[in-house]
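Here the structure is laid out as structure tokens; the discussion comes afterwards.
Each chain gets a letter, A, B and so on, in the order the sequences are listed, and its residues count up from 1.
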Amino acid sequence: MGTGPFKVKEWRKGEYVEYVKNPDYFVKGRPYLDGLKYFVILERGTRQAAIQAGKLDVSFPGETSKTAAEQLKKAVPQLVITPFSQNVADNIIMNMKKPPFDNVKVRLAVSHAIDRRALIQAVQQGGAVVGAGLAPKPWGFWGLAEKDLVGLPGYGAKPADEKALARKLMGEAGYSRAKPLKVEIVTRAIAVYVDMASFVINELKQVGIEATLKQIETAQWHAMATRGDYQIGANLTGVGPDDPDANYYENYACGSPRNYSQYCNEEVMKMFDAQSQELDPKKRLALNFAIQKRLEADAARPILDWKLDYFTVWPHVKNLIPHQSIYNFGRMQEVWSDR
Amino acid sequence: MKTYVAQRLVIALLTLLGMSMVIFALLRLAPGDIVDILFSTAGYVSPSEKQAIMKELGIDRPYWVQYLDWMRQMLTGDLGKSYRYDQPAWQIIRPLVPVTLELAALSTLFAVLIGVPTGVISAVRQDTTLDYVLRLFSLAGLSMPAFWLAMVIILGLVTWFAWIPPLSYVSPFQDLKLHAVQFLLPALAVGYRSSALIMRITRSSLLEVMREDYIRTAWAKGQSGRVVIWRHALKNALLPVVTVIGIEFAFLIGGLVVTETVFNLPGVARFLVQAILWRDYPIVQNLVMFIAVVVILSNLLVDMLYGVLDPRVRYGG
């Protein structure tokens with residue numbers, strides 16, 4: 001507190017936070033802007049209208065889908081739109097401490113059932129890419145490329161074959177058309193979560209899993225997931241830096257409160273440590289590929305896609321450059337306005 | 001008339017007391033509290049620390065003690081402290097109240113200004129083309145949810161004029177014109193739906209009155225259409241209309257959540273939803289109580305208007 005380029009001028013709850021330039025900022029001559037104002041706009045349509053009308057200069061990172069960006073560009077051709085990786089993955093969390101998802105066959109059936117490519121087209125309108133535990137190139141560095149995903153659950157060339165395999169696994173776990181698995185799928189009550197969850201429910205239905213959707217408000221979501229008060233969930237996971245350590249130890253390590261599936265595998269933990277200590281970049285990359293394949297094969301937290309953002313700014317906003325995730329370019333030190 | 005008003009006031013106070021009990025009980029029946037949310041979000045629960053925070057917030061005490069404390073606070077004008085923001089509840093609630101009251105009042109005004117005249121015209125010109133057009137207009141209003149209409153207004157403005165209303169609240173003392181624009185559009189969106197209801201009630205009530213003997217007598221006496229309709233018929237047809245206006249206004253106080261959200265207005269309804277999710281008891285209790293007071297006051301006003309409009313009500317009891 002107190003060392004950033006801006007300081008708080010006014011905070012109106014539920015309306016906006018306004019900042020002014022910090023005159024004592026330790027970098028001389030920065031920031032360029034006299035101030036910033038972040039508006040709280042709950043409604044997605046109003047947010048988009050606000051940027052289109054020029055009430056906002058910049059969209060919030062992670063807010064603009066491919067379709068929205070296309071509509072904005074059509075309405076206001078001078079808007080500058082930059083696609084970049086959110087470093088946020090759609091994924092499925094399954095509580096491994098409770099039946100039926102303590103059974104790896106049921107978890108794998110879920111993973112096989114969900115057609116990732118169809119999800120990307122239907123829900124993300126093409127604004128996402130397939131990948132495993134880490135974001136793939138060119139958006140990230142460590143992730144498995146699409147050709148490396150072949151053979152992993154859910155990535156088969158023919159979705160019908162994947163679903164047939166899912167039904168077979170469900171049969172082996174003791175479920176059938178006459179005796180379907182009935183579950184409650186939870187998701188956060190935010191549009192991007194609900195859109196994805198609705199698609200997942202439809203996919204699961206086709207392999208004999210009858211899921212009903214329960215939306216959880218943000219205030220309760222993390223608490224619920226951390227406590228493991230759920231069976232299965234449609235989740236989004238964001239990672240700050242594109243680094244394996246940041247992701248594995250937070251989301252897959254034994255005992256981590258953010259490891260919502262409560263996956264714990266000592267052998268995989270050793271693999272995490274090995275890649276972390278490996279100094280040879282090529283060997284580290286190879287170790288990471290092996291880990292990601294293992295995590296998908298265990299259905300630890302099946303990854304569905306890596307989302308892209310279509311970051312939108314008005315042309316007078318200069319030097320606001322998206323990085324490799326939605327979390328890492330909010331400092332605004334170098335941003336200036338040509339208005 | 002004094003007895004009538006006194007009776008209504010006593011009933012209003014008793015209703016408020018009952019409401020306070022219902023609000024208090026329902027809030028405690030909801031699973032989880034603010035301490036659960038705070039601790040579980042942090043990923044761990046330390047029973048001793050949890051107990052300490054519960055004690056600090058006063059929610060470790062028996063329910064009846066908490067209820068009496070709340071009543072005492074309300075009677076002394078102290079609404080307690082928000083659990084989430086650690087600020088006096090009144091300080092948080094105060095800026096929200098005028099926003100919602102103004103929006104609800106403007107919406108009701110629009111609803112009356114549109115609904116009553118169109119209802120009268122529709123009744124007087126029964127089964128003519130004009131009547132059908134007006135009925136279609138009101139049916140459209142009833143069929144369109146206010147939030148959808150609000151979104152269409154926003155999209156229309158941005159598409160045709162590359163403009164939308166301000167994104168944060170503009171005080172009338174800051175910029176009266178902008179303030180008016182900020183409220184007129186959502187008020188029109190909400191008022192249109194309410195006007196449809198008022199129009200239909202006005203129409204059916206007026207049609208019923210127009211078939212009464214005394215109206216036929218008025219026509220037979222050679223009185224002008226304006227006098228017969230506006231002075232004799234409408235005054236007697238207004239009782240159900242006034243009831244509906246009162247109900248609509250009361251409904252709007254708590255029912256503007258989506259409109260406030262779409263137009264980004266910091267009102268009571270939008271904030272109440274957030275406070276409920278955080279189990280912020282002082283905020284929720286007092287906001288719901290505020291809504292209850294407005295509902296009861298508007299009902300009281302409607303009861304008074306009955307007395308003004310109909311002497312039988314005034315002298316009947």
Side-chain angles (χ1 to χ4, degrees), chain A residues 10-18 37-57 60 68 71-72 74-79 188-191 215-230 250-251 255-260 262 314, chain B residues 30-32 34-45 82 84-85 87 91-93 95-96 99 147-148 150-170 257-267 270-271 273-280 283:
Chain A
E10 189 183 8
W11 173 34
R12 272 210 234 160
K13 280 176 205 70
E15 281 194 81
Y16 61 78
V17 188
E18 190 172 5
K37 201 166 182 180
Y38 290 89
F39 287 97
V40 180
I41 309 173
L42 297 179
E43 170 57 38
R44 186 157 52 169
T46 310
R47 286 196 293 266
Q48 193 176 325
I51 193 144
Q52 186 176 331
K55 293 267 183 198
L56 300 174
D57 299 311
F60 197 75
Q71 286 169 353
L72 283 168
K74 195 176 166 192
V76 189
Q78 65 265 42
L79 282 174
R188 208 164 153 188
I190 298 178
Q215 296 187 42
I216 310 288
E217 291 301 331
T218 296
Q220 279 87 40
W221 170 257
H222 296 291
M224 175 225 69
T226 303
R227 281 199 304 262
D229 284 346
Y230 74 98
E250 181 178 326
N251 298 309
S256 165
R258 293 265 289 171
N259 179 0
Y260 297 145
Q262 304 187 54
W314 278 80
Chain B
I34 181 80
V35 186
D36 282 332
I37 292 168
L38 291 176
F39 272 75
S40 303
T41 307
Y44 71 97
V45 178
S82 159
R84 190 182 176 197
Y85 295 107
Q87 283 178 355
Q91 204 174 310
I92 294 170
I93 292 170
L96 311 173
V99 175
F147 68 86
W148 182 82
M151 203 65 242
V152 168
I153 290 174
I154 291 275
L155 293 178
L157 286 171
V158 76
T159 306
W160 292 314
F161 305 107
W163 178 90
I164 60 167
L167 293 175
S168 59
Y169 175 67
V170 179
V257 182
V258 187
T259 309
E260 286 177 357
T261 303
V262 171
F263 283 94
N264 227 37
L265 284 168
R270 195 179 74 156
F271 197 80
V273 174
Q274 299 296 318
I276 290 169
L277 297 175
W278 280 92
R279 306 287 187 271
D280 198 342
I283 297 287

**Q.** Side chain, backbone, both or neither of B/Pro95 within contact of chain A (heavy atoms, under 4.5 Å)
**A.** neither
Q) For B/Gln87, is it the side chain, the backbone, both or neither that has a heavy atom under 4.5 Å from a heavy atom of chain A? A) side chain
Q: Quick one: pull up CD1 in B/Ile154 and CD in A/Gln52 and give me the separation to the nearest 0.5 Å.
A: 11.5 Å
Q: Search all heavy atoms of B/Ser168 against all heavy atoms of A/Tyr16 and return the closest pair with its distance.
A: CB-CD2, 3.5 Å
Q | Nearest heavy-atom neighbours spanning A/Gln220 and B/Leu277 | A | NE2-O, 2.6 Å
(Q) Test your reading of the model: is there a side-chain donor-acceptor pair from B/Arg270 to the backbone of A/Gly14, 3.5 Å cut-off? (A) yes
Q) So, does B/Asn264 use its side chain to make a donor-acceptor pair with the main chain of A/Val40 at under 3.5 Å? A) yes
(Q) Are B/Met151 and A/Thr46 packed together at the side-chain level, in the sense that at least one heavy-atom pair is separated by less than 4.5 angstrom? (A) yes
**Q.** Heavy-atom pair count under 4.5 Å with chain B, highest-scoring of A/Lys55, A/Arg12, A/Glu217
**A.** A/Lys55
**Q.** Qualifying residues under side-chain contact (heavy atoms from CB on, under 4.5 Å), relative to B/Pro166, sequence neighbours excluded
**A.** B/Val170, B/Leu178, B/Gln182
**Q.** Under 4.5 Å from a heavy atom of chain B, the part of A/Ala75 involved
**A.** neither
**Q.** Winner by heavy-atom pair count (cut-off under 4.5 Å) against chain A, out of B/Phe263, B/Tyr169, B/Trp163
**A.** B/Tyr169
Q) Nearest heavy-atom pair of B/Gln274 and A/Leu42: which atoms, and what distance? A) NE2-CD1, 4.3 Å
Q) Does the side chain of B/Leu167 reach to within under 4.5 Å of the side chain of A/Lys37, using non-hydrogen atoms? A) no
Q. With only heavy atoms counted, which part of B/Tyr85 is less than 4.5 Å from chain A, the side chain, the backbone, both or neither?
A. side chain
